[in-house]
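Heavy-atom basis, side chains included; hydrogens, waters and symmetry copies ignored. Order of the sequence lines sets the chain letters (A, B, ...), proteins ahead of strands, with each chain counted from 1.
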Amino acid sequence: MQKSFIYLPLLFFISLFLVDKIFTLDFFKNKFLQTGNVVYYRHREILFEKYKKAIPNETRKIILAMGDSRAYAFSNLAFNADRKSKYVIYNFSAPQAIVAYSLQWLEKILELEKKPNLVFLVLSPEGFDDQKLLMHKPFLRLGADSQFIEKYWDQIPENDKHEFNLDRLIAFRRIEFDFKLLFERWKSGRMREYNPNFNADMFILNLYNGEQLAYTSIVNDEKKLLTDSERMAKIYLSGFQVHHTQFFFLEKFLSLAKYNQVTVFVILPKVYSEYKKYWDKLNLTEIWWKKVVDIANRHSAYTYDFNTISDCELFYDASHQSTICYDKQVNFLITEWEKLSK
Amino acid sequence: MSFLSLSFLIFFGIVFYIYWNLPEKPIFRRLFLILASCVFYSYFSSFFLIHLLIVISINYLIYKFFLDKNLYIKLAVIFNLLNLFFFKYFYFFLATLGGILGLTQLEQKSNIDTFIARTLGLSSFEIVLPMTISYYTFQFISLAVDVKQKKYPHSLQLLDFFSYCLFFPVMIAGPILRVDQILNQFDKVNISFDSMLDGLWLIIRGIIKKAILADSLLVLVVPIFNSPSQYSGLALLVTTYFFGAMLYLDFSGLTDLARGLGLLLGFELPENFKAPFFMQSFGDFWRRWHLTFSYWIRDYIYIPLGGSRVNEGRIYFNLIVTFALGGLWHGANMNYILWGAINGLYIAIERSLEQRNIKFPQFFGSSLVHYIIVLHLSMITWVLFFTPNFSTAFSIVKKILTNSIGLFPTGFESGIYAIIFTFIFHLGEEFPEKFKKIKYLQKYLIPIFSIILFIVLVQKSGSNIDFFYEKF
């Protein structure tokens, strides 16, 4: 039976597949900046270049802030003039960043001649649940480089690998093309914002050393925070399980830091009390934080749970304290470090 | 593996081209389909694939050794219902028992799991619902009845049992097949250019219904039904319309996909929807909605209970029981039972009025008023279908009926568009002959829609929202 017509769909998909490869062009990586996560992940590459140039002549002690969006506000701006003359913070945190992303930057930074002195590693339990596929998106999709992926391929959960392979197969997936944004930018004559050099978000991140201070609120909107707690819990904590993957990267991170004599402060950021109740319901202190503390102790790192330390009750949303709270926290951590250094 | 994932596209592409390049002998394609369906099912769970293979084999053994005995149907029904009961109703049964006996420990799933785990010396225990169990249970029961009653006069081999159950296009959520609808087709599968276009068209229609329209309604429905106390009666009423449309788009989209995939493999599968919201009565609604299910409960519950051959009171009882059991089939929850029973009650009342020749008052626009009443009673009853418990459902209905004040969310535009499309799809189902005229456009529209849907699905992949009916 001659059924050559059945190959028409195949031909169609092959053509589509070939057209899709247009999206592998460098243009889409370097000159096609949309909004949201991609801005941060792209910026961190630019920040690294800036860091490489600045560090050889840096006389101040170098501090790195790493972790997810709860680390955005670790900034030099929290310091008084005296501390500003002694310390400099580079912020390599990124939205929904898992420990593997922090490890990737630490490995790159430690390859440079001059080592950092201190790392604030901000951890969130949500990132330790492999089911949420945070390894794939945003890390593997936006932040991971090929060497890192190759080196740690065996540690990547199967589902993330599967999604990542689909990304490799269909380049258009990686772009996360936002038609609405395209239309809005086109309509308002802001097409040049696709170019990182003319992008307002990128400009803000480039102002200093990667910190983002927009999560500022001076008064809590309790109703919004309550709804937000529910929303966050539904997204990140439904069916929550702690998996081993990120603990592996945490071990790697801390042992590498220890080997290079870099002090690490492992930080659990403070979240809104109603959201914290969801953590408590899952007994996260027992099943997750205790394990983090144990690993940190083994690698001579220090742990700080700001849910118990911080008295600042201002929140931008259920899972982010207001930027205002960070001034005190950064200085608290520096004081702790100064005490340890004596 | 969701039908709307890239993984499935690749899986189906491979299956499709191997399938049509196999030697012409039907046995090869048949065996290959079984194998492909096993791969498809194992993507959900390898353990449950083994379980399914055992269930199929036991059904075959019951058939082989008991077909000639009076016991056959009873044995097949008991075995399949026990299998379904264990996986689907175990916790519900214990919770209900606990409620009756005042044993609160039985009402907590975690208590039961811990107890069983401890008794069996396991680190943990949980009963998980296997995919498609409700659907294949219905299929095996209908098979037993149909072969016993000689509605399917041919003798069956083990391979027939496997082919009947392991047919991946219907393994997510039906349509629920009868033995004569599928087994006869294996020996004459064929594909033509036109049937391929029809198949692709159905698939595209299914994807549009589900991935674009139903999902855009879901994001409107979920936050409102999850926090009904904040919203006004009017907002909740509008949400029930959205929910009805979402359920139709979601489930008929899935049926379109299954039927389209079936056509591409050379099979014609039964339709499940025929413009349900164009109904003229409650009874008419069930002759248009989830047809393979409605006909199943009619043929295998309602008629065996006596159907319409008994006295009037018993007929109404049969209707309510049939629909209540149909509700229970959807899930182990009192809401589903109540939803079913209320639907049965509507039909019983309607029938009673018809018997007494009591008609809806005739006046200008009376048909419209009658339609609005039927539609609203149906829509409001759907609330039970979505809400987790009776009290939430009751609070929503109360707010709707009292038109209580509260928030009225913005951003309903996408819902309005989805309802307009629902109307258009209904026109297509109600007046198919009118839409045949545009069939010649299919070959031009299919590539255009494919590109659009490819872009949409590629973006959505990894975050696909499950089909609502998958969980049943």
Chemist: Is chain B contacted by the side chain of A:His136, its backbone, both, or neither, given a heavy-atom distance below 4.5 Å?
Modeler: neither

Chemist: Which region of A:Ile175, side chain (C-beta onward) or backbone (N, CA, C, O), has a non-hydrogen atom less than 4.5 Å from a non-hydrogen atom of chain B, or is it both or neither?
Modeler: neither

Chemist: In Å, rounded to the nearest 0.5 Å, how long is the span from CG of B:Asn190 to NZ of A:Lys3?
Modeler: 5.5 Å

Chemist: Answer yes or no: are there more than 12 heavy-atom neighbours, outside B:Ile405 itself, under 6.0 Å from its atom CD1?
Modeler: no

Chemist: Could you check whether any side-chain heavy atom of A:Pro9 comes within less than 4.5 Å of a side-chain heavy atom of B:Met196, counting everything from C-beta outward?
Modeler: yes

Chemist: More than 12 heavy atoms of other residues, nucleotides or ligands under 6.0 Å from OH of A:Tyr152: yes or no?
Modeler: yes

Chemist: Tell me, side chain or backbone of A:Phe179 under 4.5 Å from chain B's heavy atoms, or both, or neither?
Modeler: side chain

Chemist: To the nearest 0.5 Å, what is the distance between CZ on A:Phe172 and CD1 on B:Ile455?
Modeler: 5.0 Å

Chemist: Would you say NZ of A:Lys290 has more than 12 non-hydrogen atoms from neighbouring residues, nucleotides or ligands within 6.0 angstrom?
Modeler: no

Chemist: By side-chain contact (heavy atoms from CB on, under 4.5 Å), which residues pair with B:Leu22, not counting sequence neighbours?
Modeler: B:Ile18, B:Phe28, B:Arg29, B:Phe32

Chemist: Would you say that A:Ile6 contacts B:Phe193 through its side chain, given a criterion of any heavy-atom pair below 4.5 Å between the two side chains?
Modeler: no

Chemist: Can you check whether anything in residues 8-17 of chain B gets within less than 4.5 Å of chain A, heavy-atom wise, and list it by number?
Modeler: B:Leu9, B:Ile10, B:Phe16, B:Tyr17

Chemist: Within a 6.0 Å radius of atom NZ on A:Lys281, are there more than 12 heavy atoms belonging to other residues, nucleotides or ligands?
Modeler: no

Chemist: Counting only heavy atoms not in A:Trp186, do more than 12 fall under 6.0 Å of its CH2?
Modeler: no

Chemist: Give, as side chain, backbone, both or neither, the part of A:Phe13 having an atom under 4.5 angstrom from any heavy atom of chain B.
Modeler: side chain

Chemist: What is the minimum heavy-atom distance between A:Tyr7 and B:Asn21, and which atoms define it?
Modeler: OH-ND2, 2.8 Å

Chemist: Is it the case that atom CD in B:Glu268 sees more than 12 heavy atoms from other parts of the structure closer than 6.0 Å?
Modeler: no

Chemist: Could you go step by step and tell me if A:Phe12 and B:Ile446 meet the side-chain contact (heavy atoms from CB on, under 4.5 Å) rule?
Modeler: CA-CA 11 Å; A:Phe12 175 78; B:Ile446 285 171; over 6 Å; no

